[in-house]
Asks: 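Take a look at the following structure, please.
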Number of protein chains: 2
Amino acid sequence: MPAKRSPARRPTMKDIARRAGVSESAVSFALNGRPGVSDVTRERVRRVAEQLGWRPSTAARALSGEGAATVGLVLARPADTLGVDSFFLQLVSGIQEVLAERHLGLLFQVVEGVPDECAVYRRWWAEHRVDGVLVVDPRTEDPRPDLLDELGLPAVVIGGAPDERHPGLSTVWADDAGAMAAVVDGLYALGHRRIVHIAGLSGLAHTERRIRTLRAEARRRGLTGVESITTDYSDAAGAAVTRRVLGSAAPATALIYDNDVMALAGVATAAGLGFSVPADVSVVAWEDSALCRMVKPWLSALSRDSVEFGRTAARELTALLDGGPARTVRVPVPRLIERESTGAARGA
Amino acid sequence: MPAKRSPARRPTMKDIARRAGVSESAVSFALNGRPGVSDVTRERVRRVAEQLGWRPSTAARALSGEGAATVGLVLARPADTLGVDSFFLQLVSGIQEVLAERHLGLLFQVVEGVPDECAVYRRWWAEHRVDGVLVVDPRTEDPRPDLLDELGLPAVVIGGAPDERHPGLSTVWADDAGAMAAVVDGLYALGHRRIVHIAGLSGLAHTERRIRTLRAEARRRGLTGVESITTDYSDAAGAAVTRRVLGSAAPATALIYDNDVMALAGVATAAGLGFSVPADVSVVAWEDSALCRMVKPWLSALSRDSVEFGRTAARELTALLDGGPARTVRVPVPRLIERESTGAARGA
DNA sequence: AAGCAACACTAAAGCGCTTTAGGCTTCATC
DNA sequence: GATGAAGCCTAAAGCGCTTTAGTGTTGCTT
């Protein structure tokens with residue numbers, strides 16, 4: 001028996017009004033907890049609505065000024081870069097958890113770059129599609145905060161540094177600088193003096209923050225064999241840079257990779273070059289995931305709770321939508337999980 | 001200078017009408033390419049709209065029966081399972097590419113399980129939020145097609161087998177059965193007789209299809225040491241099953257893992273147990289990604305173009321939205337990329 | 001017993017768009 | 001020169017909801 005292709009009209013408030021024998025306005029008041037109806041009527045209306053399986057039409061709601069009940073998230077990355085990134089899906093999953101409670105939808109889009117991203121914001125705004133947005137991968141020289149300010153679109157920036165120039169935006173961030181300092185501390189204590197940081201995308205706020213911190217830490221200790229090299233986060237880049245670094249005259253004894261994928265590729269490359277980890281070179285991955293326990297030696301990694309990160313961001317956005325003030329909240333510093341890929345520097 | 005918090009009213013058709021000196025209806029006709037206005041008026045209206053930066057309010061459009069210009073995608077997976085899955089983001093990225101051309105939004109939600117997913121469809125439908133949906137991870141005994149049929153929500157099922165019981169749904173699928181047969185063929189030719197398939201989630205349509213095919217191939221050849229073991233796709237499960245399988249009296253000589261993550265974990269486990277790959281045991285990963293080239297030996301893997309898969313699915317959905325007929329389209333069979341993890345069976 | 005507030009409820013407008021039903025010109029037709 | 005048809009455009013209703021203004025009842029006060 002083929003399922004019936006029922007026309008299945010969605011029930012509207014008018015239907016409820018008719019069945020409950022009251023006016024549409026009464027229904028609206030009753031269902032939205034506004035004063036103006038007696039408790040018994042309210043209850044009756046609620047029951048009818050329930051029984052009819054009524055749900056407010058977001059379109060109608062949005063049109064009468066209530067907002068779209070939707071928040072937006074755009075990911076600006078070339079399609080091939082977004083492969084093996086566990087961080088992102090976890091973040092989204094945390095975001096969802098909070099949004100779902102409030103029946104807020106998540107409009108998601110992936111684009112090629114920041115200019116496209118800005119265009120999407122403009123469109124969403126003009127089309128009335130979203131009530132607010134979550135901005136990821138903030139950059140130094142970022143046009144997005146200005147734009148969002150101009151559009152008056154509530155937004156929370158995920159992973160940026162506090163930004164006092166845009167008091168309208170909330171920021172949720174982790175203290176990468178502190179984490180980097182801690183990592184360098186640890187490596188220094190193990191005797192490492194030549195440290196290379198295989199960084200992520202140049203221009204990303206957190207990349208630059210890590211680079212600056214590393215440089216500062218090096219200067220503070222008088223270290224000269226310390227540098228950062230930016231990449232595109234890909235395994236290929238991780239491998240290539242590792243090859244170059246370990247091939248130099250006085251190769252680094254410690255490598256800090258800005259994600260798990262590059263770290264893995266780096267370890268494989270090092271092994272291929274005859275370097276043993278951690279005897280010849282220590283490796284730290286900035287991002288923990290199942291991957292880090294899938295190779296021998298297990299990778300020491302900076303771990304953070306990305307799901308909770310997402311939850312926090314979403315909570316800030318809903319607070320903003322409720323008319324709350326913009327805030328800057330810091331989530332816990334990533335913790336260094338010491339596994340097997342870090343050890344004393346050779347000869348230390 | 002702080003950016004101005006401009007109230008920034010969105011321009012409406014009324015604004016255009018006033019500026020162009022015509023009625024609102026004329027504007028609507030002009031902008032939607034309907035007859036009823038002269039070419040010069042149409043052009044004038046278009047220019048004014050452009051100049052004002054007008055974009056139709058999706059809410060208003062949706063309300064007047066035009067649909068929400070949005071399609072939905074819900075991912076039913078426990079939060080911790082969706083970590084390292086490159087397939088999914090690539091799929092989404094392909095989907096986006098097609099949707100973006102048509103200015104269709106993608107409403108995205110992740111939930112815990114299929115019942116929740118059904119609830120989301122109902123809600124989206126009742127709230128008028130989406131015009132159609134993309135369904136992933138079809139199951140044997142799947143309640144979703146019936147539901148979508150009942151709601152009359154256009155949908156395309158991604159990765160299912162053709163389903164003649166739901167003529168309203170489009171299906172986009174790859175021939176897993178064919179791929180499995182080819183893999184077994186190859187392994188058989190290499191002398192493998194004891195083959196274990198570390199499968200994915202039991203109940204998923206493609207999991208069951210692979211299992212059935214493997215069983216049929218084994219029977220056809222009179223092989224007895226062939227079996228499938230279902231898992232939850234996690235690296236932990238991959239490792240655990242591998243340990244069990246290789247610890248048996250007459251261990252398998254070839255392992256087929258239903259994703260790259262488990263394959264990786266499997267190889268690591270095998271190495272830990274003293275098995276050398278591929279000398280002692282061959283490994284095939286059903287899903288190719290950067291991971292497969294990040295361990296030695298490089299993993300032989302079944303590769304497919306997930307981005308294109310997503311594009312195809314999205315194209316089918318837009319066709320459906322345009323009133324086209326439901327179709328069943330097959331994307332290319334995954335190709336086996338032979339790398340270093342497969343070889344002749346010991347003693348063959 | 002008139003006056004008044006308080007309460008429960010309804011009528012109607014409005015959000016921004018589409019669409020149907022005309023109205024008014026113009027031009028061709030016989 | 002009346003009749004029609006065609007073409008361009010406007011008025012108005014309607015989509016499903018919120019909200020403001022307003023209408024009747026009560027029940028209380030003096």
Asks: Between B/Arg77 and B/Glu117 (salt bridge meaning N to carboxylate O under 4.0 Å), is one present in this structure?
Replies: no

Asks: Is any side-chain N of the basic residue among B/Glu308 and B/Arg315 closer than 4.0 Å to the acidic one's carboxylate O?
Replies: yes

Asks: Is A/Asp322 paired with A/Arg102 through a side-chain N to carboxylate O contact shorter than 4.0 Å?
Replies: yes

Asks: Is any side-chain N of the basic residue among B/Arg47 and B/Glu50 closer than 4.0 Å to the acidic one's carboxylate O?
Replies: no

Asks: At what angle, to 10 degrees, do the two end axes of the helix from C/dA1-D/dT30 to C/dC30-D/dG1 meet, given five pairs define each axis?
Replies: 70°

Asks: So, does B/Gln96 use its side chain to make a donor-acceptor pair with the main chain of A/Phe108 at under 3.5 Å?
Replies: yes

Asks: The criterion is side chain to side chain donor-acceptor pair (under 3.5 Å); which residues satisfy it with B/Asp305, sequence neighbours excluded?
Replies: none

Asks: Any side-chain donor-acceptor pair under 3.5 Å between B/Ser28 and B/Ser25?
Replies: no

Asks: Polar atom pairs between nucleotides 22-25 of chain D and protein, under 3.5 Å, N or O only, would you list them?
Replies:
none

Asks: Does a donor on one side chain sit under 3.5 Å from an acceptor on the other, for B/His103 and B/Arg55?
Replies: yes

Asks: Under 3.5 Å, is there a donor-acceptor pair linking the side chains of B/Arg129 and A/Thr70?
Replies: yes

Asks: For the pair A/Asp131 (side chain) and A/Gly67 (backbone), establish whether a donor and an acceptor sit closer than 3.5 Å, ignoring hydrogens and angles.
Replies: no

Asks: Output the residues of residues 13-32 of chain A in contact with DNA chain C, where contact means a heavy atom of the residue under 4.0 Å from an atom of the strand; sort by number or write none.
Replies: A/Val22, A/Ser23, A/Ser25, A/Ala26, A/Phe29

Asks: Please identify the 5'-most and 3'-most nucleotides of DNA chain C with any atom under 4.0 angstrom from a heavy atom of chain B.
Replies: C/dG16 to C/dT20

Asks: Please report the closest heavy-atom contact between B/Ser170 and B/Ala326, naming both atoms and the distance.
Replies: OG-CA, 3.4 Å

Asks: Strictly below 4.0 Å, heavy-atom distances to any atom of DNA chain C: list the hits from residues 35-44 of chain B, or just say none.
Replies: none

Asks: Could you say whether B/Arg34 or B/Leu63 is positioned toward the 5' end of DNA chain C, judged by the nucleotide with the nearest heavy atom to each?
Replies: B/Leu63

Asks: Would A/Glu150 and A/Arg122 pass as an ion pair if we require N to O under 4.0 Å?
Replies: yes

Asks: So how far is it from A/Arg144 CZ to A/His166 NE2, rounded to the nearest 0.5 Å?
Replies: 11.5 Å

Asks: Can a donor-acceptor pair be found, under 3.5 Å and without considering hydrogens, that links the side chain of A/Asp116 to the backbone of A/Val111?
Replies: no

Asks: Given 3.5 Å as the limit, does a donor-acceptor pair link the side chain of A/Asn32 with the main chain of A/Phe29, or not?
Replies: no

Asks: Mapping B/Ala60 and A/Arg61 onto DNA chain D by nearest heavy atom, which one lands closer to the 5' end?
Replies: B/Ala60

